[in-house]
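See below for the structure under consideration.
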There are 2 protein chains.
Amino acid sequence: MKAQALHGHLDALLLAVLEQGALHGYAIIESLRARSDGSLDLPTGTIYPALRRLERAGHVASTWSTVNGRERRTYQLTDSGRRALAGERAGWQEFRVTVGRFLDPGSPPVTPA
Amino acid sequence: MKAQALHGHLDALLLAVLEQGALHGYAIIESLRARSDGSLDLPTGTIYPALRRLERAGHVASTWSTVNGRERRTYQLTDSGRRALAGERAGWQEFRVTVGRFLDPGSPPVTPA
DNA sequence: TTCGACAAGTAGCGTAGCTACGCATGAAGG
DNA sequence: CCTTCATGCGTAGCTACGCTACTTGTCGAA
């Protein structure tokens, strides 16, 4: 996948990844890549600002720790984040159905008999 | 639907609408609204520039006509546009599957047994 | 004559992801 | 010893693109 075009759905993806447990930024990138079979290979310049956005919005909280002499910032979902994720999931369903009506195979080609 | 978030998929929607026959700008807006049960109510400031983009790209061609004293610019799909639509459809499938893996209900919650 | 549907269009804004950097540590390999 | 690579954080600036708000114009109805 050309990666971009995530537009508007990135926050939802991040929340979904964190739903399964707290992770630090780098691990989030790897998790996205792994769970998508390599389709989603997002650059740090995409996810770090996104995580800060989510933190400002109160959807995630971060804590610093040091592992093997390396600083890590671990993010975890807040209650607000969990609610937001539910909303994002609903939004995604609507989006997918609406767009699918035009782009899914077998969508009304000429209003068949 | 909050309309926005179409990001990157608008071109595909326009091509899909025009696949069923040539339409003028205003009619395209109405077609999108009708086929989506009102979910997609796009402003002219969104679709006119998009149509010009598609025309510059060679995916649609336009012809002017006058109906009831009103000027109309009617757009029709070109061969290039038809190919582009096929590509957009494939891209949409991949996108939908990839994002769905994170956001669809029943997606891997904790890698079940 | 005023209002609303039809029909086209643009200017400017804001959001948000991407490119391309920079910094630092630790392990591996020459 | 020194370089390279994986790990790990981060930002500045660009660009793409949809949206808001606006203009222009015809026609029919109130």
Side-chain angles (χ1 to χ4, degrees), chain A residues 1-15 22-34 36 39-57 59-60 62-75 84 88 91 95 98-99, chain B residues 1-15 17 22-34 36 39-57 59-60 62-75 88 91 95 98-99:
Chain A
M1 189 152 73
K2 265 61 132 286
Q4 69 279 29
L6 264 309
H7 267 283
H9 304 286
L10 177 60
D11 288 7
L13 291 180
L14 293 176
L15 294 174
L23 288 176
H24 60 282
Y26 197 86
I28 290 175
I29 296 177
E30 293 186 314
S31 178
L32 283 167
R33 188 169 44 224
S36 67
S39 301
L40 290 175
D41 199 356
L42 305 182
T44 67
T46 290
I47 77 109
Y48 287 127
L51 287 169
R52 313 186 105 249
R53 255 200 328 267
L54 290 174
E55 187 164 30
R56 270 203 312 278
H59 296 331
V60 302
S62 68
T63 50
W64 284 94
S65 60
T66 305
V67 177
N68 281 60
R70 290 194 195 90
E71 294 284 298
R72 275 186 184 174
R73 189 171 186 170
T74 300
Y75 295 89
E88 295 278 7
F95 177 78
T98 301
V99 176
Chain B
M1 187 153 72
K2 263 61 131 284
Q4 68 279 30
L6 263 310
H7 265 284
H9 304 287
L10 177 60
D11 289 5
L13 291 180
L14 293 177
L15 294 174
V17 167
L23 289 175
H24 62 282
Y26 198 85
I28 290 174
I29 295 177
E30 293 187 314
S31 178
L32 283 166
R33 188 168 46 225
S36 68
S39 300
L40 289 174
D41 199 355
L42 305 182
T44 66
T46 291
I47 77 110
Y48 287 127
L51 287 169
R52 313 187 104 250
R53 254 202 327 269
L54 290 174
E55 187 165 29
R56 271 203 311 278
H59 295 330
V60 302
S62 68
T63 50
W64 284 95
S65 59
T66 306
V67 177
N68 281 58
R70 290 195 195 90
E71 295 283 298
R72 277 187 182 174
R73 189 169 184 171
T74 301
Y75 295 88
E88 295 279 5
F95 177 78
T98 301
V99 176

*Taking only residues two or more places apart in sequence, or in another chain, which ones meet A:A22 in a side chain to side chain contact (heavy atoms under 4.5 Å, CB included)?*
A:T74, A:Q76

*Would you say B:H24 reaches C:dA7's phosphate, i.e. side-chain N/O to OP1/OP2 under 4.0 Å?*
yes

_side chain to side chain contact (heavy atoms under 4.5 Å, CB included) partners for A:S31, two or more places apart_ = A:V17, A:L23, A:R35

*Report the residue (A:P43 or A:G69) whose heavy-atom-nearest nucleotide on DNA chain C is the more 5′ of the two.*
A:P43

*Euclidean distance, atom CG of residue A:L23 to atom P of D:dT7 [Å, nearest integer]*: 14 Å

_Residue-phosphate contact under 4.0 Å: A:R53 side-chain N/O, C:dG17 OP1/OP2_ = yes

*Check whether any side-chain heavy atom of B:T46 sits under 4.5 Å from a side-chain heavy atom of B:L6, and report yes or no.*
no

*With A:R73, which residues qualify under salt bridge (charged side-chain N to carboxylate O under 4.0 Å, His left out), at least two apart?*
A:E55

Taking N or O atoms only and anything under 3.5 Å, show me the protein contacts with nucleotides 9-11 of chain C, one pair per line.
unit_1: C:dG9; atom_1: OP1; unit_2: B:R73; atom_2: NH1; d: 2.3
unit_1: C:dG9; atom_1: O6; unit_2: B:T44; atom_2: OG1; d: 2.9

*Could you check how far CD1 of A:I47 sits from P of C:dC18, rounded to whole Å?*
11 Å

*For B:H9, check ring pair (Phe, Tyr, Trp, His ring centres under 6.0 Å) against everything at least two apart and list the hits.*
A:F95, B:W92, B:F95

Grab the N/O contacts between the protein and nucleotides 23-25 of chain D below 3.5 Å, and write none if there aren't any.
none

*asked:* Under the rule for salt bridge (charged side-chain N to carboxylate O under 4.0 Å, His left out), what residues qualify as partners of B:R52, not counting sequence neighbours?
replied: none

*How would you list, by chain and number, every residue that makes a side chain to side chain contact (heavy atoms under 4.5 Å, CB included) with A:T66, sequence neighbours excluded?*
A:E71

*For A:E30, salt bridge (charged side-chain N to carboxylate O under 4.0 Å, His left out) partners two or more places apart*: none

*Check the distance between C:dC6's C1' and B:E71's CD and give it to me in whole angstrom.*
13 Å

